Structure formats: structure tokens, C-alpha cells
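The structure appears right after this line, and notes come after that.
Keep in mind that the numbers below use all heavy atoms, side chains included, and drop hydrogens, waters and symmetry copies. All values reported here derive from a predicted model rather than from experimental measurement.
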Amino acid sequence: MAASAYPPPPQYYRLYKDYEQDPSSAPEPPPPPPIDAKYTTFNVQRKINELLPSLESHNVRQLYPDGPNIDFKKELRTLNRELQLHILELADILVERPSQYARRVEDISMIFSNLHHLLNSLRPHQARATLIHMLESQIQRRKQAIEDIKQRREEAQKLLGESLLILDGSQTN
């Protein structure tokens, strides 16, 4: 069922059935507690609080320092320079000693894994920043809509006042 295009609603929707028919009969039930186990999305089971696995768990050596105060910009630049250097060395090795290319390819693969891991560790920050930006733009649009409504209301009141003056003037004549 979880893989269907339109899965059925969760089972706890039945708790709200009586409330919708007669809201005064019973208080609205609280929402169910958060799920602590796993959930299924696109036929893949995932954990709720899935953490980014370490590079060591994938048998890849970590090339940047570990800890809470990582300078991501500096480390990404360092890894990028190192990647460029290794690619140039790979080109030289392919020309001069083609039998020794495998070690350089492994080094390049390790650098790419480190870059990928470092970028993935920034995903929560990116999601938070994206959410903040979306909310700020929604607030700005709503404020603009409110100002537009106020302006149109003032215009309508002005037109209504002018119309009343014209009607009063035509009735006195």
C-alpha cells in the first residue's frame, strides 16, 4: 500500500470521524506521537533520525579534521586543490608509466568520497536556510498582499465617497 500512487490515509484518521460529525460531543484527540522506528518511502525503509554515516564505516580514510567546528569552505577548497593536483599527476602517470595508474585512481576516488561526505554534512544547514528563505518570502508576499488590499480599500472608499457626493448633489438639484 505504501508503494501505491495514492496510499490510504493513516489509521489514526478514524479517531477524528466522530469529531467531524459532532464537534461538541468529544474533545479533539491529540495527534499521534512521532514514530521512532522506520518509515517506507518509494519502497525503501528509512530510519526517522538517519545520521550521515562516517567515512570510516565505508572503509574510506577521512582527509579533513573531524569535530564540530569544521571550516567547510577551507576544507572544500583544500580537497578541490588536492583533487586537481591528483588529476594532473594521473595524466602524467598515464603518459609516462601507464601501469601505475590504479593507485592514482584510488586516491582520486578517496578525494571524491571526502568531498561528497563533506557536502552531505552541509545538507541540514542547507535545508534550514532554504526553509528560512521560503518563510521569509511568504511573509513578504503576504505583507505585500495586505498593503495591496489596504490600498484598494482606500481607493474603493474614495470612489464611494465621491459617488455619494455626486448622488447628494444630483438629489438637491
Side-chain angles (χ1 to χ4, degrees), residues 1-91 93-94 100-146:
M1 284 192 174
S4 67
Y6 299 103
Q11 293 299 318
Y12 65 86
Y13 83 95
R14 292 189 178 113
L15 297 174
Y16 297 90
K17 180 179 167 190
D18 295 332
Y19 180 77
E20 287 178 1
Q21 292 171 354
D22 185 15
S24 63
S25 66
E28 182 177 347
I35 301 170
D36 290 332
K38 297 178 181 180
Y39 66 96
T40 303
T41 305
F42 302 114
N43 281 338
V44 176
Q45 270 204 347
R46 298 186 183 275
K47 294 179 188 173
I48 294 294
N49 294 324
E50 193 169 317
L51 298 174
L52 185 64
S54 67
L55 286 170
E56 284 81 22
S57 67
H58 294 292
N59 296 325
V60 176
R61 189 177 59 140
Q62 186 169 325
L63 300 176
Y64 57 89
D66 201 8
N69 298 327
I70 298 174
D71 184 2
F72 290 99
K73 192 174 184 180
K74 177 184 166 241
E75 296 304 326
L76 286 170
R77 281 185 177 161
T78 303
L79 287 172
N80 191 29
R81 281 191 215 106
E82 196 171 331
L83 177 65
Q84 291 172 357
L85 177 66
H86 277 73
I87 289 175
L88 287 174
E89 288 176 359
L90 176 64
I93 286 175
L94 285 174
Q100 298 176 359
Y101 79 95
R103 175 75 180 129
R104 287 293 169 213
V105 171
E106 287 175 15
D107 290 345
I108 289 172
S109 176
M110 180 178 56
I111 293 170
F112 270 124
S113 295
N114 275 267
L115 278 167
H116 192 258
H117 189 268
L118 199 56
L119 288 172
N120 279 339
S121 64
L122 286 172
R123 295 294 180 212
H125 303 290
Q126 178 188 17
R128 200 172 304 112
T130 302
L131 182 62
I132 289 169
H133 176 71
M134 286 172 48
L135 291 173
E136 286 173 347
S137 63
Q138 283 179 7
I139 289 170
Q140 186 62 34
R141 280 196 311 265
R142 289 177 181 171
K143 284 181 179 178
Q144 183 63 40
I146 289 170

Please list every donor-acceptor pair under 3.5 Å in which a side-chain atom of residues 130-142 meets a protein atom from a residue at least two apart or in another chain.
from	atom 1	to	atom 2	distance (Å)
T130	OG1	Q126	O	2.8
S137	OG	H133	O	3.3
S137	OG	M134	O	2.8

Rounded distance [0.5 Å steps], CG in L118 versus CG in L76: 4.5 Å
Side-chain donor-acceptor pairs under 3.5 Å in residues 79-91, sequence neighbours left out?
from	atom 1	to	atom 2	distance (Å)
H86	ND1	E82	O	2.9
E89	OE1	R104	NE	3.3
E89	OE1	R104	NH1	3.2
E89	OE1	R104	NH2	3.3

Partner residues of R103 under the side chain to side chain donor-acceptor pair (under 3.5 Å) criterion, sequence neighbours left out: D107
Test side chain to side chain contact (heavy atoms under 4.5 Å, CB included) applied to Q144 - qualifying residues, sequence neighbours left out: none
Pair up each side-chain donor or acceptor in residues 58-75 with any protein partner under 3.5 Å, not counting sequence neighbours, and list the distances.
from	atom 1	to	atom 2	distance (Å)
Q62	NE2	Y64	O	3.1
Y64	OH	H117	ND1	2.6

Distance, nearest 0.5 Å, that separates OG1 of T78 from CD1 of I111: 11.0 Å
Residues in salt bridge (Lys or Arg N to Asp or Glu O under 4.0 Å) contact with E56, at least two apart in sequence or another chain: none
Rounded distance [0.5 Å steps], CG in L94 versus OH in Y101: 8.5 Å
P124 versus S121, closest heavy-atom pair with distance: CD-O, 3.5 Å
